[in-house]
Every structure is written in C-alpha cells, then in structure tokens.
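Here is how names work: the chains are called A, B, and so on, in the same order as the sequence lines, proteins then strands, and each is numbered from 1.
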Number of protein chains: 2
Amino acid sequence: MTPERRPYRRESEETRREALIGAALDIVATEGPAQATVRAIADRAGVTPGLIRHYFTSKEELVRTAYLTMMDRMTADSRRGLDAADAPVDPAARLALFVANSLRAPVVDPQRLGLWAAFIQRIRHESEMRDIHRHTYHRYRSILEDLIRALALPGFDDRRCREAAITCNAVIDGLWMESSALPEEFSGETGAVRIGVSAVGALLGLDLAAALPPEIPGDTE
Amino acid sequence: MTPERRPYRRESEETRREALIGAALDIVATEGPAQATVRAIADRAGVTPGLIRHYFTSKEELVRTAYLTMMDRMTADSRRGLDAADAPVDPAARLALFVANSLRAPVVDPQRLGLWAAFIQRIRHESEMRDIHRHTYHRYRSILEDLIRALALPGFDDRRCREAAITCNAVIDGLWMESSALPEEFSGETGAVRIGVSAVGALLGLDLAAALPPEIPGDTE
DNA sequence: AGCGCAATTACACAACTGTATAACAGGCCG
DNA sequence: CGGCCTGTTATACAGTTGTGTAATTGCGCT
C-alpha cells in the first residue's frame, strides 16, 4: 500500500515561470494580494508549493516579477493598433486612438485596478518596485509626448509639449482609475472614452473626437 | 510571587476607538496593510489585542472604519480655507484654492497614497468599501461641480458643469496620484499645484493661476 | 533499455494570524 | 471607604503562512 504520489510532467523553465507569474497575477487580481499565498498560486499553476522556491528565490521575487509583467501589458494594450501596418497616419487620429485604448477594456478593468493598487502599495518600501513604477510612468508619458509633438501644433515647443503630456497623462490616469473603480458610472453617455478624448482635445485646443477612428468590435486578438 | 499584570487606565469609548483607528491608519500607511495585525495595531494604540474585539466586532470592521475616517480627512483637507470667515469670495479664487489644496501636502503624501491604494484594493470584494468609495467620490466631485457652477461661465448649463466636474476631478486625481508616487518629479517648476491649477483653467477656458490666493506658509494647524 | 540527474513532490516546522473566553482591576456610585 | 460593573488584560487555540529538506520520479542521455 504505497501512498500515492501525484504524477507530473517536466516542463521548461520558461513555461513554469510564466505559469507561476500568470497564476500570481490572476489571484492578486481576482482575490487580492492577501489571498496570493504560495499554496494558492501553486495550486492555480497546477504545481505544488515547493516548486515556487525552485524557480524564484522567494515569494517576494515572484510577486515582483509578476508586477513588471503586468505593467508591460498595460502599456502594450494602450498602444494597440498604433504599430500595425494599417495604423492611422493622421497624428490626431493616432493620439485619439491611444487615449481611447487607455480608457477601455482591457486596460480599464476592475481587476487591473486592484492589481495596480496592490502594486502601488509596495512602491514606498521596495526600491525595485519604485524603479519599475518610475520607468513605466515615463515610458507611457513619453509615448504621449511624442504623439502630441507629432501634431505640430502652433506654439507647442518642447517644453509645452512635455507639460501637455504630463497634464494629459493625469486626466487619462484619473479617468482610468475612476472608470475602473466604478464601471457602472462610466457607461453610455458618460463613457470614459468619450470624456477622455474630448478632455485631451480641449487641453490641446483641437477636436479629437472627430479624429478618433471607429472601434472595430471583434478586434480582440 | 504574583505574576505582574500590566497596569492600565480606563478610557472613554470615543477615545479608545479613535486611538485604535489612528493606530490602524498609521500602520497601514507606514508599513502596509499586511503589517496591520491586531497585535501591531493594539501595540501602537497602547493597549492589548483583545481590546480591539471589545470595540469592534472584528478586525475587518476596524479597518473599514479607519478607511472611512481617512477619506473624510482627504476631503476636509481639500476644503481647507473655503469655509473660514476670511475665505475668498471670488468664485475663481475659491475653485483655484480647492484645486491647489488637493495637490499639495497634506493631501499629496506618499503615505496617503499607500493608504488609498490599500483601500481601493478592497472595493471589489467588499460592498461596504465600494459604498464608501462611491460616496467619497461623489462628494468630492459635487464640491467641484458647485465651485464650477458658481463661476457662471457662459454656455455652462447643468449638464456641461457636471461633465466639466468629471474631467477636472480626473485631472486632479491623476496629478495627485502621480505626485504622491513620485514626489521628486513634481517639485519646483513642474509642481503639481501649478500644473493642476492651469490644467483646470484650460479645461474651463479661464486663467485660474491668476486667481489663486497666495499660500500662507505656516498655515498648518 | 536503463542510468543518472534534476525537476517535482511530500512533509515537517516554527512563526504568526484572528478569535474566543476567562480572569483581573480601575474607578464611579453608594 | 467598599462593592461592583465593565473596561482591560491574559491566555489558549486552531488555522494559515513562508520556508527548509529529504524523498521520489520523469525523462534526456548514451
């Protein structure tokens, strides 16, 4: 009567790391960071808890890696459609698309807000986290700044473009936050996309809403 | 050889509740929610852990009460100087003051951001938290809306005032968040107050910076 | 086919968590 | 000044946490 031992498959390091990171993000997003225990993460990833310490020196390191992955996804999702072959060439359309992407799914999402909040929480005490945040913030803002500069608006020198990017970034972040926290209040006529696009337009003195390319409904890859 | 028992003083319910709430906020703000255990909270409040369950039905309830207290403070700090006897009467000055207050200490503060993030984390799963959040958001936004309506701007009907409030709220929230997370990047010329006041002005089409009452340096009560 | 290594599991452990309950004592009322 | 209510402390407890370590077994290698 030998005690049964769970059967398993050997996987590559990359596969296992990705599975563990994905499981960690999943749990933090859906159930909060307090529920993201080594046992819960391992369980969701389909392995036993001990394996986490085989691929990461500590649970802490796994979580950190997971957050970096999330931030990369956020920026990539906001850029969607800007680098494609059929990407809009009109600078105003490009800016409008970027703003709109930032203010709808999958970027706007209660789960992502929770994930992001859990991440922000750690910024003050862990310098690696602060570095990740600073890097992500600057990368996003600089995309915005480039899009604004491409508009070649009269009177917008480098300094003014930079300040406009800071301001537009703020209004986008605020709307992202609020519409993710209270989705039911930002639907229909008060949609975050509409408000955000027209707000950025107002800040730059142009009609961005008219430039926004129509959304392609089933365009989720 | 009687085992020594810790001496204590009896206090009013209000005193004890405030002490416990304050201790909880303190610890969540400085060390994160994971460190806010019943033992740590009781310790900081100068009592023993059991007392928490004497004033709150659970640790959960204490934390919830603490968050509500925090949100009240945030709004109150932003209103500072608006209700005083020597408050500005010019509507533009009042709006500018409110915006500026929201974007400097003590409202802008890394610890408050941490506190706020820990709070936001919980709104998805705990309906009481979501209610607190919704209530706080609407209260703040409606202050903003009233200040905007008082400007009596041409063409700003109720609907437009409401949408302007949503937008201004977003830009303030975004700047608050970013300057709290990366304080060193929002000092001097790129100060959050300056950018925020001029952004709100731009969104409403008026020069708010000129209307902003000068800051009284030592005015922290 | 089967050896050997390392990926994976299994188990143990001490620290810590929130909560329940009983014993104690501070200080108001008589 | 003494009793007694209740605010407060003390202690116990079961559950959970991250981590360390030894045993197993999948599977690439020759």
Could you tell me whether B:Thr48 contacts a base, only the sugar-phosphate backbone, or nothing, with contacts defined as non-hydrogen atoms closer than 4.0 Å? base
Select base, sugar-phosphate, or nothing to describe what B:Glu13 touches, counting heavy atoms under 4.0 Å on all strands. nothing
Send over the distance from [X] [atom1] to [N] [atom2], rounded to a whole Å.
| X | N | atom1 | atom2 | result |
| --- | --- | --- | --- | --- |
| A:Ile41 | D:dT19 | CD1 | P | 11 Å |
| A:Gln35 | D:dT16 | CD | P | 11 Å |
| A:Asp43 | D:dT17 | CG | C1' | 15 Å |
| B:Arg39 | C:dG18 | CZ | C1' | 7 Å |
| A:Ile52 | C:dA10 | CD1 | C1' | 15 Å |
| A:Lys59 | D:dG18 | NZ | C1' | 8 Å |
| B:Leu51 | C:dC24 | CG | P | 19 Å |
| B:Leu20 | D:dG7 | CG | C1' | 13 Å |

Using distance alone, with no hydrogens and no angle criterion, decide if [X] and [Y] have a side-chain donor and acceptor under 3.5 Å apart.
| X | Y | answer |
| --- | --- | --- |
| A:His125 | B:Glu31 | no |
| A:Tyr140 | A:Ser102 | yes |
| B:Ser12 | B:Thr15 | yes |

Measuring to OP1 and OP2 of [N], would you say a side-chain N or O of [X] lies under 4.0 angstrom away?
| X | N | value |
| --- | --- | --- |
| A:Tyr55 | C:dA7 | no |
| B:Arg10 | C:dG27 | no |
| B:Arg16 | D:dT8 | yes |
| A:Arg53 | D:dG20 | yes |
| A:Arg9 | D:dG26 | no |
| A:His54 | C:dA7 | yes |

Using the closest heavy atom to pick a nucleotide of DNA chain D for each, name whichever of B:Arg6 or A:Gly50 lands nearer the 5' end. B:Arg6
Does a salt bridge link A:Arg17 with A:Glu11, judged by any charged N lying under 4.0 Å from a carboxylate O? no
Please determine whether any donor N or O and acceptor N or O are separated by less than 3.5 Å between the side chain of A:Arg5 and the base of C:dT9. yes
Look at the aromatic rings of A:Trp116 and A:Trp176 and report parallel, tilted or perpendicular, splitting at 30° and 60°. perpendicular
